[in-house]
Protein chains: 2
Amino acid sequence: MIGNRPFSHALERLKRHGLRPTRQRLALVKLLFDRGDRHVTADQLQGEAAAAGVRVSLATIYNTLNQFTAAGVLREVIVEAGRSYFDTNTSDHHHVLIESTGELFDVPADHVKLTALPALPPGTSLRRVDVILRVSRQQDNPAS
Amino acid sequence: MIGNRPFSHALERLKRHGLRPTRQRLALVKLLFDRGDRHVTADQLQGEAAAAGVRVSLATIYNTLNQFTAAGVLREVIVEAGRSYFDTNTSDHHHVLIESTGELFDVPADHVKLTALPALPPGTSLRRVDVILRVSRQQDNPAS
DNA sequence: GTGATTGCAAATCTTTTGCACTAAA
DNA sequence: TTTAGTGCAAAAGATTTGCAATCAC
């Protein structure tokens, strides 16, 4: 029952958000969501589309990623200076970043216990708490 | 006794890190460190330099910010997609980001209690834990 | 002097945008 | 048809780099 219905799955996901199921969007949705939780950059996603034989322009990739992020279907993760990651896991969770490679891993929310938070600036409300564990491969030289 | 020795302060800080005290670097160090903890972008810092009557090219601003970050005198804070902040506070602490304005505030390390952390990926060691509280001004409309 | 530092302009990289063309409803 | 979506190429921003001129030692 579960799995093996990639087409209807992708189609439903688009319709649910009022997006026309075009050839490009269907392909991107499949690439994004048929493989479990992932973190992709626009560039990576275009590479995967090309590898899958789907021609999609970078502009459309960006448009789609932004539309999905606005709709709450993707989540943008900002951990590196010049580049945005898009996370297919939109539930409450955190991240481990391997600094030398840029690899990102999810950390389930309940694996991090935040038992105290500071007072917020007056007139503001909390939207989200991001915890990022920056790690290096053990043999890495910080100065290299 | 404290304060009012901006020149020697800046000079010492440069010498300590083996950087020649050029006119530009002395001016930037003063702008950065004579005013308590701050978060600046390269662009902002150039604006301040200009306002102070010091002509420094953007390339030199970037070079200096990067040299200082490498030396551990500044810390790079990555919380927004296209832009890097440089933090004069290099001690263990976290941040509040007001999403609508890009304003950053320090959160002392002891105002956040992390009582549990996940297992790290095999072969990695923890470099730093960043906690970012993303807040909005209360009247902000998330969809606007 | 000699090597480090600077500034400019050009280059790079990621992301966005304008607009004519195409496809979905 | 009518409107949304796509792709291209150009534009926009932030940051880096090559190289000749300048400065610190």
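Below, all heavy atoms of this structure are taken into account, side chains as well, without hydrogens, waters or symmetry copies. Here is the naming used below: chain letters follow the sequence lines, and residue numbers restart at 1 for every chain.
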Nucleotide [N], atom [atom2] - distance to [atom1] of [X] in whole Å:
X       : N      : atom1 : atom2 : value
A:Gln46 : C:dC13 : CD    : C1'   : 14 Å
A:Leu19 : C:dA24 : CG    : C1'   : 13 Å
B:Leu65 : D:dA14 : CG    : C1'   : 13 Å
A:Gln44 : C:dT15 : CD    : P     : 11 Å
B:Leu14 : D:dA24 : CG    : P     : 12 Å
A:Tyr62 : D:dC8  : OH    : P     : 16 Å
B:Arg25 : C:dT6  : CZ    : P     : 4 Å
A:Gln24 : C:dT22 : CD    : P     : 13 Å

Candidate nucleotides [options], ranked by approach to the side chain of [X] - the nearest:
X       : options               : result
B:Arg55 : C:dC8, D:dT15, C:dA25 : C:dC8
A:Arg20 : C:dG7, D:dA24, C:dA25 : C:dA25
A:Pro21 : C:dA24, D:dA9, D:dC25 : C:dA24

Between B:Asp43 and A:Thr22, which is nearer to the 5' end of DNA chain D once each is assigned its nearest nucleotide?
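Mapping each residue to its closest nucleotide by heavy atoms, the 5'-most match is A:Thr22.
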Nearest-nucleotide comparison on DNA chain D, the residue closer to the 5′ end among A:Ile61 and B:Ala59
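The residue mapped nearer the 5' terminus is A:Ile61.
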Residues B:Leu117, B:Val129; criterion side-chain contact (heavy atoms from CB on, under 4.5 Å); working and verdict
CA-CA 10 Å; B:Leu117 288 181; B:Val129 179; 4.3 Å; yes
When we call it a touch if two heavy atoms are under 4.0 Å apart, what does A:Thr41 touch: a base, just sugar-phosphate, or nothing?
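The answer is nothing, as A:Thr41 stays clear of every strand by at least 4.0 Å.
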Which part of the nucleic acid, if any, lies within reach of A:Arg83 when heavy atoms closer than 4.0 Å are counted: base, sugar-phosphate only, or nothing?
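Sugar-phosphate, no base atom in range.
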Which residue lies more 5' along DNA chain C, comparing A:Ala42 with B:Arg23 via nearest heavy atoms
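By nearest-heavy-atom nucleotide position, the 5'-most residue is B:Arg23.
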Check this one for me: any side-chain N or O of [X] less than 4.0 Å away from OP1 or OP2 of [N]?
X       : N      : result
B:Ser84 : D:dA14 : no
A:Asn66 : C:dT16 : yes
A:Asn63 : D:dG5  : no

Check each of A:Asp130, A:Asp87, A:Asp37 against A:Arg75 using the salt bridge (charged side-chain N to carboxylate O under 4.0 Å, His left out) test, and report the only one that passes.
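By the salt bridge (charged side-chain N to carboxylate O under 4.0 Å, His left out) criterion, A:Arg75 pairs with just one of A:Asp130, A:Asp87, A:Asp37: A:Asp130.
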Salt bridge flag under 4.0 Å for residues B:Arg137 and B:Glu103:
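Salt bridge: yes.
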Is there a side-chain contact (heavy atoms from CB on, under 4.5 Å) between A:Leu97 and A:Val135 once you walk through the steps?
CA-CA 6 Å; A:Leu97 172 73; A:Val135 307; over 6 Å; no
Over 60° means perpendicular and under 30° means parallel, so tell me whether A:His39 and A:His93 are parallel, tilted or perpendicular.
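Plane angle between 30° and 60°, so tilted.
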